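Here the structure is a predicted model, which is why all the values come from computation and not from measurement. We're numbering straight along the sequence, starting at 1.
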Amino acid sequence: MTKTLGIADARALVHSREQLQSSGTTDRAIEAALADGALLRLRRDCYVDASAYEGLWTEGRHLVQTVAAARNLNDRGTVFWGPSAAVLHGLPLYRLRPAIVHTVATGAHHGRTRAGVRQHEVALGEDDVVDIDGMLCTSLDRTVLDLACTLPTEAALCAADAAQRRETVDGHEFDPDRAALWQARMHHRASASRAWGIRRARELLAFSDGRAQLPGESVSRLQLQRLGFRDVLLQVPITGADGDRYWLDFGFPGSKVFGEFDGRGKYLDDDLRSGRTAEVIVLDEKRREDDVRGVTGWRFARWDSTHIRTAEILGRRLTQFGLRPPG
């Protein structure tokens, strides 16, 4: 199984006791599987195979939790909010592990957490709610704004970059006009809000950029900005000696260095490997780097997720490649 999944896939993973019994699993077998950890009970009468669940990324696990909560709530009027809306939209949850499902409060239940579901008292406009595969949640724009107000900066930026990317990037082609429209629309929405954290949210949304392909690139860009780098190029197009087209994550023109974020998913996630082994990917990366270096004369700096935990750690990594913040 891949580590990413959609709503239909998540629903297929969640089983009631009746469904398990109808497939031939006895009550004794269910209890034994729960006892030895082969089966997990997520919520009342919601079970999932442990190996399948543990093989998911954090986003997938929370999507399964959200789908299970929807089954228990059995209320078509429930609107999922925040991180739970994010996973319904397929947005990343960078280094977050939500322990509860988030919904919009109804009636007098605002602010209450019950059976793993937190109800938030928020005001929603006419266009703030959408239906995704039979589940109601805040719209993509509203979800991005809510995340920008409430999540850590790194996680909120990853979600905003991913949302903007859907409208501004086709393949590798970035459309600056669409990006400007997205920015204007989100600026208008943020300007009309008086929510807690809205000032930081406005700054974060203005900084967002759909050219980031992965959360690690979004956080790298944030740490580079904190380090003082201001004229970094993003997704730099390069044509190789034989006409091959490449896109480099970052470009530092003053130092003639390309920067590449190496996420583990490139080597381990079946969705990103396209059938290639990790060894083949490493060789392909080397050939790519040699080709780019040959036609440009620029050097390479590489870093991974361990180097972007703080700006200081990334700064120390960059100095190993002769890259130092300006000034």
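Residues D290 and R287 are not paired through a salt bridge, judged by the lack of any N-O separation under 4.0 Å between the basic side chain and the carboxylate. Ion pair R288/E285 flagged as a salt bridge, since at least one NZ, NE, NH1 or NH2 atom sits closer than 4.0 Å to an Asp/Glu carboxylate oxygen.
When the salt bridge (Lys or Arg N to Asp or Glu O under 4.0 Å) test is applied to D49, no partner is found at least two apart in sequence or on another chain. Here R317 pairs with nothing under the salt bridge (Lys or Arg N to Asp or Glu O under 4.0 Å) rule; sequence neighbours left out. In terms of the side-chain hydrogen bond (donor to acceptor under 3.5 Å, both in side chains) criterion, H15 has no residue partners (sequence neighbours excluded). D128 is linked by a salt bridge (Lys or Arg N to Asp or Glu O under 4.0 Å) to R142, R189, counting only residues two or more places apart in sequence or in another chain.
V104 and V87 fall into different hydrophobic clusters, defined by Ile, Leu, Val, Met, Phe, Trp and Tyr side-chain heavy atoms under 4.5 Å apart, directly or through other members. Note: the hydrophobic cluster containing I100 does not contain L91 (ILVMFWY, side chain heavy atoms under 4.5 Å, direct or indirect links).
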Next item on the list: Would you sort out whether I308 and E154 count as a side chain to side chain contact (heavy atoms under 4.5 Å, CB included), showing the intermediate values?
Entry: CA-CA 10 Å; I308 59 174; E154 288 80 357; over 6 Å; no
Margin query: Between R118 and W81, does the side chain to side chain contact (heavy atoms under 4.5 Å, CB included) criterion hold? Intermediate values first, please.
Written below: CA-CA 10 Å; R118 174 72 174 177; W81 178 90; over 6 Å; no
Margin query: Could you walk me through whether H89 and F80 satisfy the side chain to side chain contact (heavy atoms under 4.5 Å, CB included) test, starting with their C-alpha distance in whole Å, then the side-chain angles of each, then the deciding distance to 0.1 Å, before giving a yes or no?
Written below: CA-CA 11 Å; H89 283 288; F80 292 95; over 6 Å; no
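Summarising the hydrophobic clusters (Ile, Leu, Val, Met, Phe, Trp, Tyr; side-chain heavy atoms under 4.5 Å, direct or chained), the residues clustered with L248 are L233, V236, I238, Y246, F258, V292, V295, W298, F300.
Within the structure, ring pair (Phe, Tyr, Trp, His ring centres under 6.0 Å) contacts touching residues 151-197 (residues at least two apart or in different chains) are H172-W247.
Just one residue in the list L42, V14, L20 forms a side-chain contact (heavy atoms from CB on, under 4.5 Å) with Y47, and that residue is L20.
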